[in-house]
Amino acid sequence: MNDRFRAYLDTVTAGLRDDPELRLDVEQELAGHLEDKAEALRREGMSAEESVVQATAAFGEPVEMAAELESGNRGRLVFRARVRRCLRWLPVPGAVVAAVVCSDLQLGVAMSMSRQLGGKVSGPSGPFPGWFQRHAERLLGVDSDAPVLRCTPAELWQENPGNACYYANYVTHEVAPKVTNPAALPSAPPSPSPPSTHEVAPKVTNPAAGAGSDAEDQREKLLADLAAAETVDPDNARYDYLRAALLLRDACSIETKGRTGGKPGAPPPELTWTIHDRALLDRAMAHMVAGLRKPSFRRYGQEMLTEKLRALGPPRRLVQQIQRTAIAAGVLLPDLGSMRQLGRASVLYGDLLAREGRAEEAVPFLEGWEALAVHLNGDAWTLVDMLVVTAVADAFPEEAARIYERLGQPEEAERVRGNGALLAAPGREWRRQRTGEDDPEEQRQRERELVLYGSALSRALLPAVGEWPSRQDYAVSRRLEYVVIMEALLAAVNGLLLLAMAACLLVALRWRFAAGGAAIPVLLLPGWRQTASFLLSSVVLPVAVFALWVTILPVSGQAYSVAAARHKVIAEFCLLVAVLLVLPAWLGGRAVARRCRELGIAVPRFPARGLLVVLAAPAVLTFAAWVVPASPSPPPGWLLFAPVLLGVFLVLTAIVTFARFLAGSPRYGLYWGSVARSLIPGFAAAVLTLCLLARPTLLHSERHCLATDPILGTMTDGGTAGFTQVETRVVNRFREQVSQAITQLR
């Protein structure tokens, strides 16, 4: 452009200096008119220099022209100033806030909690920093004001002294462990005695060699605690059994040799015992008989868990569901060991009475195992409970039958064996189904489906239960797992876009300071149509295509488990991340370069298409790795090479582009700085769009999966707590089978 024209345009557009883009736009328009006027004058015969002077004079005095331009564009100046102010103060801070708010560490918290599933989990443990712990607590959202969550078992009972459930909870945590733990009550070692000549004949030692005074004091204190049951829950046999087990601890020592349950036809267990205190033994057995005569046996473990889960409320996040599952898994299952010990002692005591000629008194003890099994079945709510029920029925009838035979009562011996087989049958059937003895091929197919389609939690929890849902049932828990992974992926993409914004800010500042104020980088203002097109093309469309791809396509990575389709999942996520990072930069850079040419800003040649071609090669390889079918076997490592290569190329491309913009030719400094400055709000808009569209959708999908999952979950439709819904169904079926067997007892 002619220097006279340049000086004239600088003067007449001085009033627009607050809006560099508008000033350049007006300058380009006026320069075109001046060039046209000068060209027309030259065609009329004027010299080049004279045509420039006349063309400038034809436009009017510079001062008047400047005032006219400022007056005519005042509205645009005010509007565009407001838009620039909004772009400067709203999108970037909003994107940073949105990215921080939507940064979801749930995946890490869930993985930490899942590794420790089976204990009381109120938050992740391990060497995590404080901010991670606080984030985990915010995700869990525990209501610490609920008494059932806040109070200790003793405090809870003291505040509600007439509540049978809270009293049972106190006994479970404070009394029962001291009954069952050999180290809880110190005792003096028993005196030696000569060995018996019969496998079930007792060894009687000196009663004076029983527990010391400390053990007796602790024992009497525990007995006093259990005596409260006479007023709180008098019809509950549990507390009589616990008193019997507590006294039995110091009264005798019992040893079991051989099997205690399992394959039919195996040799029966051999029971031997050593009696330390016969009077204490008689007292213990009196409590046991009292318990056998009571109508019910209840530990209230399921009721307490139900109260805790209701206090926590329905889960809205996966970590809350894992927390509830862990709380259910950490619920104590007390008394089971004591009940089996009572079953052993009952048979041995019956034999003792029979040897002493008190056959009629021996009958309740020889058949005590049966009453124990009935009582335990009535309170069973976990698979462990049911296995103990059938183990009791499987372990002791044979020993009782041998005693009946020795007493000359073969009919009673046969009846006892039949009743034991009847009660133990459901347990044996469950073991056959779990191990696949009836149909090994079907078992292998079920296991293959679990690996192919089951979520990580399903693969961890279901094999022990022995329940095999259908392929369709796995879909919800698997979808829940992928939703949480995508929430973490969203946080990662937002972080990378923020990093791109920071890189653009460095480039813009570099050329702003390098220009010394002569050519400040321009913040270009796109129209609303351009903005909408940019967001639709670079953010909304890729996310929508990805959502349809993984939801509808039956061979997508998310149609399988992460373990079976790891290569597909990684390929899909890598391609999505690459598109969400490359498209905004490429489309935004093209639009800015086009606008710079319109404004007369020098634009260098930049190998954008070449970089896209370079990225296309690993992208094609990544898609080729995705095509490999999912398999129950771990995918070979080479399938992950292509996604890793794509990631490496993406990082190298970003580094090369950043270096070119940061250290490019000063001749194009205005362009480098303008592109970088103008891309910042574009990246910010991409972050806001992802947070406003993808985040709510993912949270809604997570809540929907939690509400409709037919496999996991600690509350059934009826509102009763359990370890998982699958185990609850198995236990209910198991218990019903045992109950039917009980009705058939002779």
Sequence neighbours left out, what passes salt bridge (charged side-chain N to carboxylate O under 4.0 Å, His left out) with [X]? Give chain and number order.
| X | result |
| --- | --- |
| Asp335 | Arg238 |
| Arg243 | Glu230, Asp240 |
| Arg735 | none |

Nearest 0.5 Å, what's the [atom1]-[atom2] distance between [X] and [Y]?
| X | Y | atom1 | atom2 | value |
| --- | --- | --- | --- | --- |
| Ser458 | Tyr474 | OG | OH | 7.0 Å |
| Leu312 | Gln320 | CG | CD | 8.5 Å |
| His287 | Leu223 | NE2 | CG | 6.5 Å |
| Ile275 | Asp282 | CD1 | CG | 8.5 Å |
| Met285 | Leu348 | CE | CG | 9.5 Å |
| Asp351 | Leu366 | CG | CG | 7.5 Å |

Distance alone, cut at 3.5 Å: any donor-acceptor contact between the side chains of [X] and [Y]?
| X | Y | result |
| --- | --- | --- |
| Asp235 | Ser296 | no |
| Glu441 | Gln445 | no |
| Asp233 | Asn236 | yes |
| Arg324 | Gln321 | no |

If you measure from the Lys or Arg side-chain nitrogens to the Asp or Glu carboxylate oxygens, is any gap between [X] and [Y] under 4.0 Å?
| X | Y | answer |
| --- | --- | --- |
| Glu255 | Arg344 | no |
| Arg434 | Glu467 | no |
| Arg310 | Glu307 | no |
| Arg432 | Glu429 | yes |
| Arg402 | Glu414 | no |

Is the gap between the ring centers of Tyr239 and Phe297 under 6.0 Å? no

Closest heavy-atom pair and its distance - [X], [Y]:
| X | Y | answer |
| --- | --- | --- |
| Pro710 | Val726 | O-CG2, 4.3 Å |
| Leu292 | Leu372 | CD2-N, 4.3 Å |
| Pro334 | Ala176 | CB-CB, 4.1 Å |
| Ala345 | Leu248 | CB-CD2, 3.4 Å |
| Ala464 | Leu383 | O-CD2, 3.6 Å |
| Asp709 | Val476 | CA-CG1, 3.6 Å |

Partner of Tyr404 by side chain to side chain donor-acceptor pair (under 3.5 Å), out of Glu367, Gln409, Glu411: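 With Tyr404 as partner, side chain to side chain donor-acceptor pair (under 3.5 Å) holds for just one option, Glu367.
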
For the side chain of [X] and the backbone of [Y], is there at least one donor-acceptor N/O pair under 3.5 Å apart?
| X | Y | result |
| --- | --- | --- |
| Glu361 | Arg358 | no |
| Arg459 | Gly454 | yes |
| Asn160 | Asn163 | no |
| Asn732 | Thr728 | yes |
| Ser561 | Leu452 | yes |
| Lys294 | Pro234 | yes |

Within the 4.5 Å heavy-atom criterion, are [X] and [Y] side-chain neighbours or not?
| X | Y | answer |
| --- | --- | --- |
| Ser739 | Asn377 | yes |
| Asp225 | Val171 | no |
| Asp394 | Trp369 | no |
| Gln443 | Thr435 | no |
| Val388 | Met339 | no |
| Leu305 | Trp381 | yes |
| Pro153 | Thr172 | no |
| Pro632 | Arg448 | yes |

Apply salt bridge (Lys or Arg N to Asp or Glu O under 4.0 Å) to residues Asp217 and Lys221 and explain how you reach the verdict. CA-CA 6 Å; Asp217 292 342; Lys221 181 181 182 303; over 6 Å; no

Restricting to ring-ring contact (aromatic ring centres under 6.0 Å, His included), what partner residues turn up for [X], sequence neighbours left out?
| X | result |
| --- | --- |
| His375 | Tyr241 |
| Tyr170 | Trp157 |
| Phe365 | Tyr349 |
| Tyr453 | Tyr560 |

Which residues satisfy the side-chain contact (heavy atoms from CB on, under 4.5 Å) test with [X], sequence neighbours excluded?
| X | value |
| --- | --- |
| Glu442 | Asp439, Arg446 |
| Thr382 | Leu333, Val384, Asp385, Glu727 |
| Ala425 | none |
| Arg293 | Val289 |

Restricting to pairs with a member in residues 374-383, which pass salt bridge (Lys or Arg N to Asp or Glu O under 4.0 Å), not counting sequence neighbours?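 Salt bridge (Lys or Arg N to Asp or Glu O under 4.0 Å) check on residues 374-383 returns Arg299-Asp379.
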
